[in-house]
Amino acid sequence: MTSETVDRPGAINARPVRHPGRWVTMALLGVLAAMLVNSFLTNEKWDWAYTFQIMQQTPVIEGLWKGTILGTVLAMLVGVSLGIVLAIMRMSENVVLRGVAFVYTWFFRSIPRYVLLGLFAVGLGYLYNTFDIGIPFTDITFFTLDYQAYSSTVWVGAFALGLSEAAYMAEIARAGILSVDRGQAEAAQALGMSPGQTMRRIVLPQAMRVIVPPTGNETIAMVKDTSLFIAAQITLELYYQATLFGSRAFKVMPGLMAATLWYLIVCTVLMVFQSKLEKHFGRGFGAHAPTKRERRVTALLNRAGDH
């Protein structure tokens, strides 16, 4: 018997690490899920049939499209476009532009959106019945806007939410722009690009990798924030219309669940769209799981190398 035979270790009888806590947790979650399903099926107060009836009502569908979805689109258009402008102003060398952007961000980030909607709908309507555009300190007027006619519409509500969103988007856009190496902007300007061209063609396309994820979160949050339209006395909105049907029939939960299910559907679609955008703008950055085609090519190359 040689020394090599004596020193050779024996076969390792490895056993997987046991995790009894995981099984206990899974059992508890299973019991809770069963209790929840039992409540859904046996408690008549849920009244799922009436919930689905509410979801299909014309005022609810109209509130979904014209209030929730349209309000979200308009608010995000105002918020994103104005937010990018504010972000550029915050990074400007002009002290006045930086100051204006800072004050704007400070003000609109400090005011709750519910209060802001009330200020725009009720407050401005109380202070100014009409807006006259003309030459100051004279009777010459070029245009008159009857603000009372628009104060309780989705347009005013979306504009107020958009102004609030711009303050948050300014910080998101600024973080995305700062994530791009400054040397790339300097190289673009050395090639003859103007600052505007550099921002549009070089900086912003790369900053989108950082901007898209929080912007998607803000869009999903905006869908839910449209339920605050009631502060501006806007009734053409999903939550108000759905709960109104429930209140009329003295069935509160079906009205709430109808709104909840529609919110889940809309936000799920937005989350899928956000995931697609993140993959698009994240190409070439960081590690990613190999696709089916990449795995097949790797296997063929390994097989060829073995031969």
Side-chain angles (χ1 to χ4, degrees), residues 47 49-82 108 111-131 144-169 216-271 273:
D47 200 347
Y50 190 60
T51 296
F52 296 131
Q53 289 182 18
I54 294 177
M55 293 179 65
Q56 302 175 39
Q57 295 299 318
T58 301
V60 176
I61 300 297
E62 190 175 7
L64 171 65
W65 283 106
K66 296 183 180 180
T68 300
I69 295 180
L70 178 61
T72 299
V73 171
L74 294 175
M76 291 307 297
L77 284 176
V78 174
V80 172
S81 57
L82 184 57
F108 281 98
I111 304 300
R113 290 183 174 177
Y114 190 88
V115 177
L116 189 65
L117 286 167
L119 287 174
F120 268 77
V122 182
L124 289 181
Y126 171 76
L127 293 174
Y128 309 102
N129 294 327
T130 60
F131 283 100
T144 300
L145 174 66
D146 185 6
Y147 188 75
Q148 290 286 356
Y150 297 94
S151 62
S152 296
T153 62
V154 174
W155 301 98
V156 172
F159 183 70
L161 290 180
L163 292 179
S164 176
E165 182 62 33
Y168 296 91
M169 283 304 306
N217 292 337
E218 290 294 317
T219 305
I220 292 173
M222 185 61 69
V223 172
K224 298 175 287 184
D225 286 342
T226 55
S227 61
L228 302 175
F229 275 168
I230 191 60
Q233 300 177 356
I234 301 172
T235 59
L236 187 62
E237 182 269 325
L238 171 63
Y239 176 76
Y240 180 86
Q241 293 295 332
T243 53
L244 184 62
F245 274 95
S247 300
R248 287 175 177 174
F250 299 100
K251 297 181 178 181
V252 178
M253 204 60 192
L256 292 172
M257 288 307 301
T260 299
L261 291 176
W262 272 125
Y263 283 127
L264 287 173
I265 293 172
V266 174
C267 291
T268 300
V269 173
L270 289 176
M271 289 174 66
F273 184 66

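Note that the structure is a prediction, hence the values are computed from the model and not measured.
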| message | What's the separation between atom CH2 in Trp65 and atom CG in Leu70, rounded to the nearest 0.5 Å? | response | 10.5 Å

| query | Which heavy atom in Ala242 sits nearest to a heavy atom in Ala258, and how many Å separate them? | reply | CB-CB, 4.4 Å

| query | What's the verdict on side-chain contact (heavy atoms from CB on, under 4.5 Å) for Thr219 and Thr72, showing C-alpha distance, side-chain angles and the deciding distance? | reply | CA-CA 7 Å; Thr219 305; Thr72 299; 4.2 Å; yes

| message | Counting C-beta onward and ignoring hydrogens, is there a side-chain heavy-atom pair between Asp47 and Met253 closer than 4.5 Å? | response | no

| said: If I take atom CG from residue Leu264 and atom CE from residue Met271, how far apart are they, to the nearest 0.5 angstrom? | reply: 10.5 Å

| Check: Pro254 and Met257 side chains under 4.5 Å, non-hydrogen atoms | no

| Any side-chain heavy atom of Val78 within less than 4.5 Å of one from Leu74? | no

| query | Is Tyr263 close to Leu238 at the side-chain level, that is, under 4.5 Å between some pair of heavy atoms? | reply | yes

| message | What I'd like to find out is whether the side chain of Trp262 reaches to under 4.5 Å of the side chain of Val60, using heavy atoms alone. | response | yes

| query | Counting heavy atoms not belonging to Phe159, are there more than 12 under 6.0 Å from its CZ? | reply | no

| What distance separates Phe108 CZ from Leu163 CG, expressed to the nearest 0.5 Å? | 4.5 Å

| said: Check this for me: does any side-chain nitrogen of one of Glu237 and Lys66 sit under 4.0 Å from a carboxylate oxygen of the other? | reply: no

| Yes or no on side-chain contact (heavy atoms from CB on, under 4.5 Å) for Val223 and Thr68, after CA distance, side-chain angles and deciding distance? | CA-CA 6 Å; Val223 172; Thr68 300; 3.9 Å; yes

| task | Give the intermediate values and the outcome of side-chain contact (heavy atoms from CB on, under 4.5 Å) for residues Leu82 and Met169. | result | CA-CA 8 Å; Leu82 184 57; Met169 283 304 306; over 6 Å; no

| message | What I'd like to find out is whether the side chain of Phe245 reaches to under 4.5 Å of the side chain of Pro59, using heavy atoms alone. | response | yes

| field | Side chain to side chain, Leu256 and Tyr239, heavy atoms closer than 4.5 Å | value | yes

| said: What's the separation between atom CD1 in Ile220 and atom OG1 in Thr268, rounded to the nearest 0.5 Å? | reply: 8.5 Å

| Closest heavy-atom contact between Met76 and Glu218? | SD-O, 4.2 Å

| message | Testing the basics here: between Ser164 and Leu116, what is the closest heavy-atom pair and its distance to 0.1 Å? | response | CB-CD2, 3.7 Å

| field | Ile230 and Leu117, any side-chain heavy atoms less than 4.5 Å apart | value | no

| How far apart are the closest heavy atoms of Ala75 and Met222, and which atoms are they? | CB-SD, 3.9 Å

| task | Show the numbers, then the answer: is there a side-chain contact (heavy atoms from CB on, under 4.5 Å) between Gln57 and Glu62? | result | CA-CA 9 Å; Gln57 295 299 318; Glu62 190 175 7; over 6 Å; no

| request: Pick out which of Val156, Leu236, Thr235, Leu161 makes a side-chain contact (heavy atoms from CB on, under 4.5 Å) with Phe229. | output: Leu161

